[in-house]
Amino acid sequence: MEALQREIADAAVFEDEFRFDPEPLTNPLAASAAAATAETDVSADSATSQPTVVGVDQSFLTNDAGDQDRALSAVVAMRGGEVVERVHAVTDLETPYIPGLLSFREGGAILAALESLAVEPDLILFDGSGRIHFRQAGIATHIGVVRDVPSIGVAKSLLCGRLQGETDNLSAGTRVAIEADDSVDAPEGTVLGYAVQTRQYDSPNRYINPLYVSPGHRVGPETAADLVLGLGGTYKLPEPVRLADQYATEAKHEFLD
DNA sequence: GCGACAG
DNA sequence: ATCTTGTCGC
C-alpha cells in the first residue's frame, strides 16, 4: 500500500493545472458579476459558465453486532453556488482505520459514488488531507490522481508536517504555511499546504481551529487555500464539503429500513 | 523503545 | 468516524 502511495505521489501534480477560471470562486466581485450574467444571459456557454465543484464526505454504517462494516460516501455537486446533483454509494469495509492509509478504507465507496455522478467535476474537495501526508498521498491526492481531476484536501486536524507559525486566534481569511518535517517523504521545508482560518469569533475568550488545506492533484497550495476561502459560506467548512457532510449523515439515517 | 497519528 | 446534554457567549 505504501508503495502504491509513492507512485500516486509521483504522478500527482502539486501546482495549478486546471482549465476552469478560478476568479468567480476566489473573487467575490467576480462571483456576483458572473451570477448576474448567468441570470440574464441564457446563452452563457461552458467557457463562461461556473465550474462544477464537488464536495465529498463519508459516514459509516454498522451491522447487527454494532460494528462498522460499510462505508457510505456522499457526493454533492455545485455550480454557481447552487446544488446541481447529489449521489451516494455504500460499499463494504475491508480495512480498519490506520493513520496514513485512509484512502484504502474509504476510497472504494468514494470511487463508486463518483462513478454514478452524471456531471463532470472541475474540482473535487475531500474531507481529509492531500499532500499533507507521510508519503504525500492523502485521500484527496489518491482519488484526484486516479480520476485525474483537480482536487483539494480539507482536514479538520493536522496529520503531519510542521506549522510555520502560531495558529491560535488567527483572523478569518488568513493562513499559515505547513512544511514537510522528517516524518514526510519530501525535502524538509517543502510547503505541503496551509492552516486556513475560514471563520473566527468576533471577540476573545475562545477561538476556532483552522482547517488544514493541501493540494490533492493539479492545484498548488496557495490556490488550494484561496479556493477553500472562496468556497466558504456561513460555516467553517467550504460549502460543498459541509453539504456533503450533511448529506452523508442524512443518507445514513435513510438507510435504516 | 518513544512519540504521533486525516476519518 | 461515532456516541450525546448541557452550556458558555454574543
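Proteins get letters first, then strands, A, B, ... in listed order; numbering begins at 1 in each.
In this structure, A:Ser157 reaches the B:dG7 phosphate: one of its side-chain N or O atoms is under 4.0 Å from OP1 or OP2. For A:Lys252 and C:dT2, the shortest distance from a side-chain N or O to OP1 or OP2 is below 4.0 Å. The phosphate of B:dA6 has neither OP1 nor OP2 within less than 4.0 Å of any side-chain N or O from A:Lys156.
C:dA1 atom P lies 19 Å from atom CZ of A:Arg70, rounded to whole Å. Rounded to whole Å, the distance from OH on A:Tyr97 to C1' on B:dG7 is 6 Å. Distance, A:Glu250 CD to C:dA1 P: 16 Å, rounded to whole Å. If you measure from atom CD of A:Glu106 to atom C1' of B:dA6, you get 9 Å, rounded to the nearest angstrom. Remark: P of B:dC5 and CD1 of A:Ile98 are 17 Å apart, rounded to the nearest angstrom. Nucleotide B:dG7 holds its P atom 11 Å from the CZ atom of A:Phe60, rounded to whole Å. Spacing between atom CZ of A:Phe126 and atom C1' of B:dG7 amounts to 14 Å, rounded to whole angstrom units. Between A:Ile110 atom CD1 and C:dA1 atom P the separation is 13 Å, expressed in whole Å.
In this structure, A:Gly153 reaches neither bases nor backbone, as no heavy-atom distance under 4.0 Å exists between it and the strands shown. Base contact: A:Ile139 has a heavy atom under 4.0 Å from a base atom. Among the atoms of the strands shown, none is found under 4.0 Å from any heavy atom of A:Ser183. No engagement by A:Leu211 is indicated, since no non-hydrogen atom pair under 4.0 Å with the nucleic acid exists.
Considering only heavy atoms from C-beta on, A:Phe14 comes within 4.5 Å of A:Thr141 through its side chain.
If you check B:dC5, B:dA6, C:dT2 against the side chain of A:Phe134, the one that comes closest is B:dC5. With B:dC5, C:dT2, C:dC8 as the candidates, the nucleotide lying closest to the side chain of A:Arg206 is C:dC8.
Side chain to side chain, A:Ser171 and A:Gln200 fail the donor-acceptor criterion of an N or O pair below 3.5 Å. Between the side chains of A:Gln136 and A:Arg131, at least one donor N or O sits under 3.5 Å from an acceptor N or O.
The strand DNA chain C forms no stems, meaning no runs of 3 or more Watson-Crick or G-U wobble pairs with distances below 3.5 Å.
Minimum interatomic distance between A:Ala112 and A:Thr91 (heavy atoms only, all atoms of both residues): CB-CG2, 4.2 Å. In terms of heavy atoms, A:Ile139 sits closest to A:Gly128 at CG2-CA, 4.2 Å.
Atom CD of A:Glu188 has more than 12 neighbouring heavy atoms from other residues, nucleotides or ligands inside a 6.0 Å radius.
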Mind running side chain to side chain contact (heavy atoms under 4.5 Å, CB included) on A:Ser129 and A:Tyr212 for me, showing each step along the way? CA-CA 8 Å; A:Ser129 296; A:Tyr212 300 93; 5.9 Å; no
